[in-house]
Amino acid sequence: MRLPFTAFSTSRRSLQHIAEVIETATTEYLAQCLEPEDLSFPVMPAFGSWVKAMDEESGNKVYGVVYHATTSPIDSVHRARALGLSLEELREQQPQIFAMLKTEFRVAIVGFELASEGNGSQPQRGKIYQYIPPRPPQIHQAVYECQPEEIVDFSQELDFLRTLLDVSHAPVDALVAAAIREIYKLRTLDRAWLIEAGRTVSILLKDDYDRLRVILKQIHP
């Protein structure tokens, strides 16, 4: 049976609210995409894209980078099979297909933002830390796409690159390159920032010139 996400009203859900935490750990979490209202598959977040989730107990905003995503049947016993139909034909002839699949993604936690203590009508940002938070987001907490300004603010420092290079069971070189490319684009092609990011990666990799060359080649726009 499919998880009853659509049993709740989605009219007040923001467009950035894309998923819900279904498994959590100190350094990462697994999220399941929320079902769209129409007959379509949930949008799989891009490799290296930035997401956030709230630890409601502490109020911390936990930032992370998507490093793995899958779409698979809800039923773990039966595999999906090829039907030879277009998406439009699936909607017309096999609409139940869309209720039989789930999209999940894993997120590497790279830092957090303290709950804001600002007063007044103007929202204020909390202090940002680029290390693992005291606790990860909890089960059933909402997962959001990060706003561009949040990613730009977070990337003022580059300590998160060390965390990404230490992610297990992931193509970390490609992950680092993808995360840097995304930030570089959001920073409107800030060349000085890109050079500093490349210098930081070179320091972290020390004398591993082969890996450095691969990452730099993937970063170069």
Side-chain angles (χ1 to χ4, degrees), residues 3 5 13-36 40-55 60-72 74 101-113 128-133 135-187 193-194 197 200-201 204 211 214-215 218-219 221:
L3 295 178
F5 288 133
R13 195 173 77 205
S14 71
L15 294 177
Q16 285 73 40
H17 184 187
I18 60 171
E20 186 173 309
V21 177
I22 60 171
E23 181 182 305
T24 188
T26 301
T27 59
E28 64 175 64
Y29 59 87
L30 176 67
Q32 181 173 335
C33 291
L34 302 177
E35 298 176 15
S40 61
F41 299 119
V43 177
M44 181 181 289
F47 177 72
S49 60
W50 291 75
V51 294
K52 61 184 178 182
M54 185 73 72
D55 171 20
N60 292 339
K61 187 184 298 181
V62 181
Y63 291 98
V65 178
V66 176
Y67 75 87
H68 181 72
T70 60
T71 297
S72 60
I74 294 288
L101 298 173
K102 61 181 178 180
T103 296
E104 299 174 344
F105 57 93
R106 290 196 173 273
V107 178
I109 295 173
V110 295
F112 64 102
E113 179 181 327
I128 292 174
Y129 296 91
Q130 292 195 5
Y131 53 79
I132 301 301
R135 47 181 275 161
Q138 298 303 292
I139 294 288
H140 297 306
Q141 300 302 287
V143 179
Y144 299 86
E145 293 178 324
C146 286
Q147 299 283 1
E149 59 270 19
E150 291 176 313
I151 302 173
V152 169
D153 286 349
F154 186 87
S155 61
Q156 297 290 348
E157 302 292 334
L158 295 165
D159 294 338
F160 71 91
L161 293 173
R162 178 185 293 276
T163 302
L164 290 182
L165 285 169
D166 289 337
V167 174
S168 301
H169 312 298
V172 292
D173 294 350
L175 179 63
V176 169
I180 291 176
R181 285 198 308 269
E182 178 70 9
I183 297 171
Y184 181 55
K185 180 178 66 176
L186 293 176
R187 284 178 166 273
W193 181 90
L194 183 63
T200 300
V201 172
L204 292 173
R211 289 186 66 192
V214 170
I215 293 173
Q218 293 184 49
I219 291 174

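Computed from heavy atoms alone, side chains included, the values below leave out hydrogens, waters and symmetry copies.
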*Would you check, one step at a time, whether the test side chain to side chain contact (heavy atoms under 4.5 Å, CB included) holds for Tyr144 with Met54?*
CA-CA 9 Å; Tyr144 299 86; Met54 185 73 72; 6.0 Å; no

*Minimal non-hydrogen separation, Trp50 against Gly48, with atom names*: CD1-O, 3.7 Å

*Please report the closest heavy-atom contact between Ile109 and Pro137, naming both atoms and the distance.*
CD1-CD, 4.2 Å

*For Arg106, enumerate each residue passing the side chain to side chain contact (heavy atoms under 4.5 Å, CB included) test, keeping only those at least two apart in sequence or located in another chain.*
Glu23, Glu28, Leu30, Tyr67, His68

*Between CG on residue Leu194 and NZ on residue Lys185, distance to nearest 0.5 Å*: 14.0 Å

*Grab the two heavy atoms, one from Ile183 and one from Ser155, that are nearest each other, plus how far apart they are.*
CG2-OG, 3.3 Å

*Which heavy atom of Val110 sits nearest a heavy atom of Val65, and at what distance?*
CG1-CG2, 4.3 Å

*Could you grab the distance from atom CD of Glu104 to atom CE of Met44, nearest 0.5 Å is fine?*
10.0 Å

*Looking at side-chain heavy atoms only, is the closest gap between Lys102 and Ser72 below 4.5 Å?*
yes

*Which atom pair, heavy atoms only, marks the closest approach of Gln218 to Ala177?*
CB-CB, 3.6 Å

*Tell me, do Val21 and Val143 make a side-chain contact under 4.5 Å, heavy atoms counted?*
yes

*Take Lys52 and Glu145, measure what salt bridge (Lys or Arg N to Asp or Glu O under 4.0 Å) needs, and give me the verdict at the end.*
CA-CA 6 Å; Lys52 61 184 178 182; Glu145 293 178 324; over 6 Å; no

*OG-CD distance between Ser14 and Gln147, expressed to the nearest 0.5 angstrom*: 8.0 Å

*asked:* Atom CZ of residue position Arg162 - does it have more than 12 heavy atoms of other residues, nucleotides or ligands inside 6.0 Å?
replied: no

*Measure the spacing between OH of Tyr63 and OG1 of Thr163 and express it to the nearest 0.5 Å.*
15.5 Å

*Close side-chain approach of Trp193 and Ile180, heavy atoms under 4.5 Å*: yes

*After noting the C-alpha distance and the side-chain angles of Val51 and Tyr29, does the key distance pass the side chain to side chain contact (heavy atoms under 4.5 Å, CB included) rule?*
CA-CA 11 Å; Val51 294; Tyr29 59 87; 3.6 Å; yes

*CD1 of Ile22 to SG of Cys33: how many Å apart, nearest 0.5 Å?*
9.5 Å

*Has Gln16 got more than 12 heavy atoms of other residues, nucleotides or ligands less than 6.0 Å from its CD?*
yes

*Give the minimum heavy-atom separation between Leu164 and Val176, together with the two atoms involved.*
CB-CG2, 3.8 Å

*For the pair Arg211 and Val172, evaluate side chain to side chain contact (heavy atoms under 4.5 Å, CB included) and give the outcome as yes or no after the intermediate values.*
CA-CA 10 Å; Arg211 289 186 66 192; Val172 292; 3.5 Å; yes

_Between Glu182 and Leu186, is there a side-chain heavy-atom distance shorter than 4.5 Å?_
yes

*asked:* What I'd like to find out is whether the side chain of Pro133 reaches to under 4.5 Å of the side chain of Asp55, using heavy atoms alone.
replied: no

*Are Thr26 and Ile132 close enough that some pair of their side-chain heavy atoms sits under 4.5 Å apart?*
yes

*asked:* In terms of relative ring orientation, are Phe112 and Tyr129 parallel, tilted or perpendicular, with 30° and 60° separating the classes?
replied: parallel

*Test side chain to side chain contact (heavy atoms under 4.5 Å, CB included) on Ile128 and Asp153 and set out the steps.*
CA-CA 9 Å; Ile128 292 174; Asp153 286 349; 4.3 Å; yes

*How many angstroms lie between atom CG of Asp173 and atom CG of Leu165, to the nearest 0.5 angstrom?*
7.0 Å

*Say whether, by atom type as modelled, one donor and one acceptor occur between the side chain of Glu20 and the main chain of Gln141 under 3.5 angstrom.*
no

*Heavy-atom distance under 4.5 Å between the side chains of Tyr131 and Asp159, does that happen here?*
no

